[in-house]
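Please read the structure below before turning to the comments.
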Amino acid sequence: MNTLASRARPTASAWPSLWRRVAPLAWPLGGIAVMLFVWWLGGLYLAGNPDTLMFASFAPGPTFAALWRMLGEAALWDAIGASLYRIGAGLFWGALIGIPLGILIGYFSLAMRMANLPFQFLRMISPLAWMPLAVLIFDTWDGAIVFLILMASLWPIVFSTAHGVKRIDPGWFKVARNLGADSLQMLRRVILPAVMMDMMAGIRLAVGVAWVVLVPAEYLGVTSGLGYAINDARDTLDYAALTAVVLVIGVIGYALDSLCVMLMRRFNWQLEG
């Protein structure tokens, strides 16, 4: 009896340890299950109502069947590639312009006082409002969309970087100057390491805004990209394919955000130190 009891105890005590390992995954999966259930109920409603019967393919079953079919077709991967190129180019220019600009207005108080009002004004303008101007300036729709992504991603990067520079302890600059650091060394050794997390946080915000702007921007003019794929599915009344593309957009957006989080952890010099 004692032997059986002693064997049973480790098994019973293993449950809390097992739950601690499974719990971080169980709760998100539970949330997804609830979302799928609500989606399924919505599909039942659409299928049961004669007025909305034509939209019944929005339900999970037809959507996942269409997604499985589309994953084997080149058209979906071409659309993904076109969208990723546009958002990558827009974010590149947003970071290339936004980081130096943020450092400038964060470091020089006069620049901050001069730039704050016009930058806040420009920040509140929807990036899509620049579409007519972008079409006039650029020869191609690709260039116009990249410009819109730039306008969407610029301001989160600028203000996050500037905020990071303003938070640097002035004593650090004094110590660096006393040690003979020039402007370039001050930038490389003091400013950039200190604002790295703020810059990455700004880029993460910029990715979220830019990804939201990308899809409606691709509704107009272009013949490629995920936004065009949604528009095309709507025009052909292929609602299952439309919802499948929406799922792809959500998955890629989540993956991009997760990549930003991973990079933030990688560049968190305070934790590494």
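Atoms considered below: every heavy atom in the structure, side chains included; atoms not considered: hydrogens, waters and symmetry mates. By convention here, the first residue in the shown sequence is residue 1. From a predicted model like this one, the values you see are computed outputs, not experimental measurements.
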Could you check whether the rings of Y239 and F58 sit parallel, tilted or perpendicular, using 30° and 60° as the cut-offs?
tilted
Counting only heavy atoms from other residues, nucleotides and ligands, does the tally under 6.0 Å from CH2 of W141 exceed 12?
yes
Can you pull the salt bridge (charged side-chain N to carboxylate O under 4.0 Å, His left out) pairs that have at least one residue in residues 28-49, sequence neighbours excluded?
none
Short question: side chain of S83, backbone of L226 - any donor-acceptor pair under 3.5 Å?
yes
ILVMFWY network linking Y254 to W39, side-chain heavy atoms under 4.5 angstrom:
no
Treating Ile, Leu, Val, Met, Phe, Trp and Tyr as nodes and any side-chain heavy-atom pair under 4.5 angstrom as an edge, say whether V165 and M114 lie in one connected cluster.
no
Those residues that, when tested against D232, pass side-chain contact (heavy atoms from CB on, under 4.5 Å) (two or more places apart):
Y228, T236
Relative to each other, are the rings of F119 and W155 parallel, tilted or perpendicular (30° and 60° limits)?
tilted
Applying salt bridge (charged side-chain N to carboxylate O under 4.0 Å, His left out), which residue pairs with at least one partner in residues 214-226 are found, sequence neighbours left out?
R86-E218
Which pairs with one or both residues in residues 105-124 pass salt bridge (charged side-chain N to carboxylate O under 4.0 Å, His left out), sequence neighbours excluded?
none
So if I apply the side chain to side chain contact (heavy atoms under 4.5 Å, CB included) rule between P127 and each of L150, V213, I149, which one comes out positive?
V213
Is atom CG of D235 surrounded by more than 12 heavy atoms (other residues, nucleotides or ligands) closer than 6.0 Å?
yes
Residue list, side-chain hydrogen bond (donor to acceptor under 3.5 Å, both in side chains) with Y107, at least two apart or on another chain
R177
Determine whether a donor-acceptor pair (N or O, by modelled atom type, separation under 3.5 Å) exists between the side chain of W211 and the backbone of I249.
yes
With D257, which residues qualify under side-chain hydrogen bond (donor to acceptor under 3.5 Å, both in side chains), at least two apart?
R204
